[in-house]
2 protein chains.
Amino acid sequence: MKPTIYDVAREAGVSIATVSKILNGKGKISPSTRRRVLEAIERLGYQPNLLASALTGKRTQTLALLVPDVANPFFAEVARSVEDRGRALGFTVILCSTDNQDDRLARYLAVLKQKRVDGLIIGTGVEDLRLLAELKEEGLPFTLIARDLPSLPVTSVRVDDFVGGYLAAQHLVELGHRKMAVLTESLKVMSSRERVRGFRQALEEAGVPFPEEAVYTCAARVDDGRRKALAVLAAADPPTAIFAGNDLIAIGVLQAAKETGMAVPDDLSVVGFDNTVLATICDPPLTTVAQPIEEMGKQVVDWLVRELNGEADVKQRVILRPELIVRASTAPPRR
Amino acid sequence: MKPTIYDVAREAGVSIATVSKILNGKGKISPSTRRRVLEAIERLGYQPNLLASALTGKRTQTLALLVPDVANPFFAEVARSVEDRGRALGFTVILCSTDNQDDRLARYLAVLKQKRVDGLIIGTGVEDLRLLAELKEEGLPFTLIARDLPSLPVTSVRVDDFVGGYLAAQHLVELGHRKMAVLTESLKVMSSRERVRGFRQALEEAGVPFPEEAVYTCAARVDDGRRKALAVLAAADPPTAIFAGNDLIAIGVLQAAKETGMAVPDDLSVVGFDNTVLATICDPPLTTVAQPIEEMGKQVVDWLVRELNGEADVKQRVILRPELIVRASTAPPRR
DNA sequence: TTGAAAGCGATACCAA
DNA sequence: TTGGTATCGCTTTCAA
């Protein structure tokens, strides 16, 4: 059997209260008994049972990260950065992929509460805001990453999507594009809306027309981006440039262009979003709007932990600046 | 305050023992009291505290997945499949990236024990086998994914790396290659050794020379694969084909070839391993040895859970068959 | 069929 | 400085 605090106490000839104090660095303990207890702990190879300690009201030192899908490279990188920062601060992280489905999210939230995780980091889409409102009522702290819900008093860390869209458009306009399309995931997602809004804004400022119909939506997957792009490119007088809502979709566009016999960037320029590893690997390498993923992961965790510690009373809205990374998928239009 | 089992008992006018029995489907309960209790639970929105229940000896319903790095697409996909199967069986999974460092692994193992996780799935490299031997002694069940430690009595789920290497070589030989190199991560990793061994075996059978020096090692990262490939390709009389230990390295090779002005597949054929999403995205699409990641994830979880349930007394060595996926990065040599 | 009470392994208050 | 003990929320005998 694993040794318990009782075993240590007996071995050291003290009470469990004393052992507990030493373990937690509380109260006054004479050097000699401290030494005896420490030796006993060493000898027995004692490791406190975190469940028992959490039951008395202490933290579980566990966070949960909710994302649509860890297999998506963007969220995989988010997961890595959150895990790293969590570990540095003494937390372990539970991984939850929801596929953006509210029922899945709800199931996860239920068990996470039962497991008494200390806090949540939410990067997944949420349709039914009541799910989150409930969390607030129950006092389970959470922060948002790469998402924002303006209607909720919650701290969020994200990139300025509006600026991201703006940068993409600006770049394309400077290259001389006049007929562009946007292929994004559902506009129900606020970040998507913002990217499109920023894109539109830059075009307006440049006096370039951008009709409502030039915005297409698809799922955030390569194959769906490809499917939709195929349709877009098949139209009479297709756009000379496409701004994709993320790298996955952008790569689908790249594939569609290839299939259609259009050369990128000569016949079609493509701009992605996220700057995941994929953007460096595809052909041609993708011009894309970079999110500072590592920094974002670090900051969400930091803010969440501050909240746990009661150090952060006010909700933050941390908005990092995205950066346009110009690679080889964009060029002046040939048509 | 969150309602406890006492609140439910009071609300229903029964004892906590009765509530507990109903919750766990034990003992005989009259329909009428069951109904009363269920109603009370409903009314109060009661959710059992899993910490408390685990403290009494029940499971934590938590598994841990240890991998080198979730940001690596292969392991991200593994994580997704493990998470999915875990969820289906009622487990939550803690994510642990170790960067293949034993001290990091050791730290994680310590806290995972303290948190009383029910079992571990290990996909990370382990230098010091005593770490795992200790787990066995302490009775913490674990299984291996995409790894194997023949010296340990443990169940593992992996692909037949030898066959994978063999398939890669066979393909290249059939295309007519006679001078090939292998670029793999550390040969300390058994799967790497096996892939190389299979590769060599196929060449021997075909009577194609394959000197010891044609095996190069690098870290499992695109940039390091690129760096090393640059050196390999710069040699006088470079190989006409390179078998990379995984897709990441293969993509580094692709990049190096591009930089060197070698066309793939005409001047250089490249074969990868894993068949991650990257293989479909790079240019040209990568011929690679596919691992059935989803199936592997499902099986490791299943075997681990069987072990938890005491249903699996014997250790399994599940070896799935890899499959060669021919894409556009391989062709007959031009030289 | 139901309930009283003894754990499970820690924390923390209050005495000594 | 140290220790006794109630407590956290649940499971599980064992009686009733």
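Order of the sequence lines sets the chain letters (A, B, ...), proteins ahead of strands, with each chain counted from 1.
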### Message
On the nucleotide D:dT11, are OP1 or OP2 found under 4.0 Å from the side-chain N or O atoms that B:Ser20 carries?
### Response
yes
### Below 4.0 Å: OP1/OP2 of D:dG9 and any side-chain N or O of B:Ser53
no
#### Entry: Donor-acceptor side-chain pairing of A:Lys2 and A:Asn49 below 3.5 angstrom
no
### Summary
A:Arg59 CZ to C:dT11 C1', in whole Å, measures 15 Å
#### Entry: Phosphate OP1/OP2 of C:dG7 contacted by B:Thr56 side-chain N/O (<4.0 Å)
no
## Note on the structure
Regarding the side chain of A:Lys58, the nearest nucleotide among D:dC10, C:dA10, C:dT11 is C:dT11
### Task
Measure from the side-chain heavy atoms of A:Ser15 and tell me the nearest of D:dG4, C:dT11, C:dA12.
D:dG4
### Message
Measure NZ/B:Lys113 against C1'/C:dA10 and give the value in whole Å, please.
### Response
20 Å
### Task
Mind calculating the distance between NZ (B:Lys26) and P (D:dC14) to the nearest angstrom?
14 Å
### Message
Counting the atoms with a prime plus P, OP1 and OP2 as sugar-phosphate, which does A:Leu50 contact under 4.0 Å by heavy atoms, base, sugar-phosphate, or nothing?
### Response
nothing
### Task
Would you indicate which nucleotide in C:dG3, D:dG9, C:dG9 comes nearest to any side-chain atom of B:Ala52?
D:dG9
### Query
Under 3.5 Å, is there a donor-acceptor pair linking the side chains of B:Glu83 and A:Ser97?
yes
### Query
Want to settle it: does A:Lys2 or A:Ala17 sit nearer the 5' end of DNA chain C, counting the closest nucleotide to each?
A:Lys2
### Message
Any side-chain N or O of A:Asn24 below 4.0 angstrom from OP1/OP2 of C:dT11?
### Response
yes
### Message
Measuring to OP1 and OP2 of D:dT2, would you say a side-chain N or O of A:Ser30 lies under 4.0 angstrom away?
### Response
yes
### Query
Base, sugar-phosphate, or nothing for B:Val19, non-hydrogen atoms under 4.0 angstrom?
nothing
### Query
Donor-acceptor pair, B:Asp118 side chain versus B:Thr60 backbone, under 3.5 Å?
yes
### Task
Would you tell me if any nitrogen or oxygen in the side chain of A:Lys21 comes within less than 4.0 Å of OP1 or OP2 on D:dT1?
no
#### Entry: Value in whole Å for how far the P atom of C:dG9 lies from CZ of A:Arg116
20 Å
### Message
Testing the 3.5 Å rule here: is there a donor-acceptor pair between the side chains of B:Thr143 and B:Thr155?
### Response
no
### Message
With a cut-off of less than 4.0 Å, is there a side-chain N or O of B:Tyr6 near OP1 or OP2 of D:dT11?
### Response
no
### Task
May I ask you to say what A:Leu51 touches in the nucleic acid, namely base, sugar-phosphate or nothing, with a heavy-atom cut-off under 4.0 Å?
nothing
### Below 4.0 Å: OP1/OP2 of D:dT2 and any side-chain N or O of A:Thr33
yes
### Query
Separation of A:Asn49 atom CG from D:dC10 atom C1', in whole Å?
14 Å
### Query
To the nearest angstrom, how far is B:Ile22 atom CD1 from D:dT11 atom P?
12 Å
### Task
Give a yes or no on whether A:Arg107 atom CZ has more than 12 heavy-atom contacts from other residues, nucleotides or ligands under 6.0 Å away.
no
#### Entry: Any donor-acceptor N/O pair, A:Asn72 side chain to A:Phe74 backbone, under 3.5 Å
yes
